[in-house]
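As C-alpha cells, the structure follows; a few thoughts come after it.
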Amino acid sequence: MEITTFLFYLPFLLTFAVVGIYAERKIAGFIQDRMGPMDTGKFGLLQTIADVLKLLMKEDITPARADKKLFPLAPIIVFSAIVSGFAVLPLTSGWTGAGAQVGVFYLLTIITFDVVGILIAGWAANNKYALFGAERSVAQLISYEVPMGLCVLAVVCVCQTLDLQAISFQQGIFAASAGQEESYLFGIKALGIEVSQYGGFLTWNIFRAPVLIPVALIFFIASLAEANRAPFDLAEAESELIAGYNVEYSGFKFAMLMLGEYGMMLLMSILMAVLFFGSWNTPLPNIGGLPLAEWTSGEPGTLSGHLWGGFWILSKALVVIFFQMVVRWTYPRLRVDQLMIFAWKYLTPASLVLVLLSVIWRMLMI
Amino acid sequence: MIATEVSAFGEILLYIIGSVLFVLLTYFGSWLFRPHRPNEEKNTTYESGEDTVGTAWGQFNMRFYIVALLFILFEVEIIFLFPWATVFGDAQLIAETDGMWGWFAIVEMFLFIFILVLGLAYAWGKGFLNWDKPEVIPPKVDTKVPDQLYDAVNNRY
C-alpha cells in the first residue's frame with residue numbers, strides 16, 4: 001500500500017499557485033517592457049504572499065439577492081473537480097497515484113464537473129455579468145472538450161491503454177521490465193530499429209508516432225481554452241464582463257476559484273507531459289558507451305527513481321506552463337464567434353482526421 | 001484485479017473528500033480572520049455602480065442549447081471510441097487472425113466516425129456553427145480634418 005499522491009499534489013498545487021502568479025506577473029512585465037511587482041519584498045518576491053493574506057482578511061460578501069445555498073457551493077465543486085483529476089496522474093516510476101484501469105477517461109470525466117461548478121457560480125450570483133460570463137464559459141469549455149477528448153483518443157490509439165502509468169512506462173527504457181511493448185524508431189516496425197534500449201526523447205510519444213506532434217499542438221490549444229486562459233479568456237474578459245462568473249465572489253471563495261484555474265493549468269500541463277513528452281522519463285538517450293538515460297533515471301521504486309522521475313515530469317510540466325504564460329501575454333483575446341468557429345470548424349475536423357491517421361500509424365507499430 | 005480497482009477508486013474518493021475538506025477548512029480559516037460588517041449598500045448586486053435593474057434569472061440565447069446538443073453528440077461518440085481504441089491494435093489478436101482483426105475493427109469504426117462527421121457537416125451546412133457576429137459600425141464624426149490625414153497616420157503607425 002503506497003502513500004496517496006494527494007499528499008504531494010495538494011501542497012504542490014498551493015505552492016505552484018503562489019509561485020506561478022508571481023512568475024506570471026514577472027513574465028507579463030518582461031513581455032510588456034515593465035518591471036512587474038517590485039515593492040513587496042526584494043524584487044517583489046513577497047507580493048503573492050501578501051495577496052493571499054489580503055484575501056484571507058477580506059470581508060466575504062454574499063449579495064442579498066444571490067442564491068444563499070448554491071453561492072458558497074460553487075467554489076467547492078470547481079476546486080474539488082479539478083483536484084480530483086490529479087488522482088490518476090503518475091508522479092514517478094514508483095509512485096502511481098490511483099492505478100485505475102480507466103485512468104485518462106476518468107480524468108476527462110471528472111474535470112467536466114468544473115463546467116457545472118462554473119454554471120452554478122454564474123447563476124447563483126444573480127448578476128448579469130456573472131451569468132453571461134458563465135454561459136460563455138460553459139459554451140467554450142464544452143466546445144473545446146471535444147477536440148481535447150479526440151486528442152487524448154489519438155494517444156490512446158497509439159498506446160492501446162487508458163492507464164496513464166502504462167502510457168508512461170511505454171515511453172522509456174523500462175518498457176520491457178514493466179511488461180509493455182518496446183518502441184521502434186518513429187513507431188515503424190518495418191525499419192527494425194528498436195529504440196527502447198536507447199530511451200530518452202526517442203521513445204517519447206511524439207517520436208514513437210510523429211503523427212502525434214500536431215495532436216500535441218491541438219491539445220495545447222484546447223488546454224488553454226479549458227483553463228480559461230488567454231487568448232480564450234472571454235469568460236472573464238475584464239473590459240466587458242468584469243471578470244465574468246466570479247464577479248460577485250470575494251475573499252477566500254474567490255481565491256478558491258482562482259486556485260481552481262491554476263490547478264487546471266497544472267493538471268493540463270502534467271497531462272500533456274504524460275501523454276506526449278515522455279512523462280517521468282528522462283529526455284537523454286543512451287548513446288553507445290555513454291548510458292545517459294540510465295544515469296538520469298533511477299530504477300523504479302528506488303529513491304533515485306523517485307527523485308529523477310519527479311524532477312523530469314514536473315520540469316516538463318513547468319516548461320509547458322511557461323509557454324502558456326507567454327501565449328497569454330502575446331496574443332489578443334478572440335471574439336466569441338471566432339472562438340466557437342475555431343473549435344468546431346477547425347480543431348474538431350482536424351483532430352478527427354488526426355485520430356484516423358494515428359489509428360493507421362498504430363497498425364505500422366505492430 | 002478487482003481488489004486493485006477498488007483500492008484505485010478508494011484513492012480517487014480520498015482525493016474528492018480531501019479537496020472538499022480543504023475548501024471547507026479555508027472557509028473556516030478565513031471566517032476566523034475576516035471582518036463581517038454587511039450593510040444594505042454593500043449587499044446589492046454589482047452592476048457597474050448603477051442601481052441594479054431586474055434580475056439576471058431570465059432568458060438566454062438559444063444558441064447555447066445547440067452547442068450543448070452538438071457537444072453531447074460528440075461526447076457520446078468519444079465514449080464509444082475509447083473502449084475500441086484500447087483493443088483494435090492488440091498485437092496478439094492481430095497475430096492470431098493474420099492481421100484481419102485490426103483492419104476489420106478500423107473499417108468498422110471509420111464507418112461509425114463517417115456517420116458522425118455527416119452530422120457535423122449537416123450542422124455546419126445549416127449554419128448552426130456560426131455564432132452571431134458583431135456588426136461593426138464605423139463611427140461618424142463631424143470634423144473638418146480630412147479622412148486622408150487619418151489614413152496617413154494609420155498607415156504610418
Side-chain angles (χ1 to χ4, degrees), chain A residues 4 6 10 56-61 63-65 72 75-76 79-80 83-84 86-87 97-101 105-106 126-128 130-131 135 139 142-143 145-146 149-150 153 156-157 160-162 181 242 247-248 251-252 256 335-337 340-341 344-345 348-349 352 356 359 362-363 365-366, chain B residues 4-5 8-9 11-12 14-16 18-20 22-24 26-27 29-31 33-38 40 42-48 55-57 60-61 64 67-68 70-71 74-75 78 81-82 85-86 88-91 94 102-103 106 110 113 117 120 124 129-134:
Chain A
T4 166
F6 185 66
L10 185 68
L56 194 65
M57 312 282 271
K58 211 168 154 71
E59 180 169 355
D60 186 60
I61 299 168
R65 293 162 78 183
I76 300 181
F79 183 78
S80 58
V83 171
S84 311
F86 283 93
Q101 295 287 312
F105 190 65
Y106 155 80
N126 196 359
N127 179 313
K128 284 161 200 139
L131 188 66
E135 279 167 12
I142 62 175
S143 298
E145 190 92 7
V146 172
L150 288 169
L153 185 74
V156 172
C157 283
Q160 294 290 305
T161 174
L162 294 168
E181 58 191 40
I242 341 273
V247 60
E248 289 290 359
F252 242 72
M256 282 301 131
R335 236 173 31 218
V336 68
D337 62 306
M340 304 308 281
I341 284 175
W344 287 106
K345 291 194 179 173
T348 306
L352 272 172
L356 301 185
V359 165
R362 167 69 198 172
M363 295 309 280
M365 293 171 70
I366 36 173
Chain B
T4 54
E5 279 296 283
F9 281 97
E11 182 157 351
I12 287 169
L14 197 73
Y15 261 83
I16 296 172
S19 48
V20 170
F22 172 75
V23 180
L24 292 177
T26 57
Y27 279 12
S30 64
W31 175 78
F33 291 113
R34 68 172 191 231
H36 186 63
R37 287 187 283 280
E40 204 181 324
K42 211 186 266 178
N43 283 351
T44 50
T45 305
Y46 173 73
E47 209 162 291
S48 300
T55 166
W57 295 341
F60 56 84
N61 199 329
F64 290 108
V67 171
L70 274 174
F71 165 72
F74 274 88
E75 277 307 271
I78 293 171
L81 285 175
F82 264 104
T86 57
F88 80 88
D90 190 295
I94 287 177
W103 293 112
I106 288 173
F110 275 24
I113 294 175
V117 169
L120 182 68
W124 194 326
L129 301 184
N130 295 326
W131 209 257
D132 295 329
K133 267 192 196 157

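No experiment lies behind these values; they were computed from the predicted model shown.
- Only the side chain of B/Leu24 comes within less than 4.5 Å of a heavy atom in chain A; its backbone stays farther off.
- Only the side chain of B/Ile113 comes within contact range of chain A, judged by heavy atoms closer than 4.5 Å.
- Chain B forms more heavy-atom pairs under 4.5 Å with one residue of A/Val156, A/Val359, A/Leu162 than with any other, namely A/Val359.
- In this structure the side chain of A/Pro349 reaches within 4.5 angstrom of the side chain of B/Trp124, judged on heavy atoms.
- If you measure heavy-atom distances from B/Phe82 to chain A, the contacts under 4.5 Å come from both the backbone and the side chain.
- Residue contact with chain A, scored on non-hydrogen atoms closer than 4.5 Å, involves the side chain of B/Leu120 exclusively.
- Between A/Met363 and B/Phe88 there is a side-chain heavy-atom pair separated by less than 4.5 Å.
- In this structure, chain B has a heavy atom under 4.5 Å from the side chain of A/Leu352, while its backbone stays farther away.
- Looking at residues two or more places apart in sequence or on another chain, you find a side-chain hydrogen bond (donor to acceptor under 3.5 Å, both in side chains) between A/Ser143 and A/Trp344.
- Contacts between B/Trp103 and chain A at a heavy-atom distance below 4.5 Å involve backbone atoms as well as side-chain atoms.
- A/Tyr106 touches chain B through its side chain: at least one heavy atom from C-beta onward sits under 4.5 Å away, while N, CA, C and O do not.
- Contacts between A/Leu10 and chain B at a heavy-atom distance below 4.5 Å involve the side chain alone, from C-beta outward.
- Under the rule for a side-chain contact (heavy atoms from CB on, under 4.5 Å), the partners of B/Phe33 that lie at least two apart in sequence or sit in another chain are A/Leu56, A/Met57.
- Closest non-hydrogen pair, B/Pro35 versus B/Arg37, comes out as CB-NH2, 3.5 Å.
- With a threshold of 4.5 angstrom between heavy atoms, A/Lys58 approaches chain B through N, CA, C or O but not through any side-chain atom.
- Only the side chain of B/Phe64 comes within contact range of chain A, judged by heavy atoms closer than 4.5 Å.
- Taking both residues in full, the closest heavy atoms of A/Thr348 and A/Val146 are given as CG2-CG1, 3.8 Å, listed atom of the first, atom of the second, then distance.
- In terms of heavy-atom pairs under 4.5 angstrom with chain A, the leader among B/Ala68, B/Gly29, B/Ala85 is B/Ala85.
- B/Phe22 places none of its side-chain heavy atoms less than 4.5 Å from the side chain of A/Ser80.
- In this structure a side-chain-to-backbone donor-acceptor pair under 3.5 Å is missing from A/Glu145 to B/Phe71.
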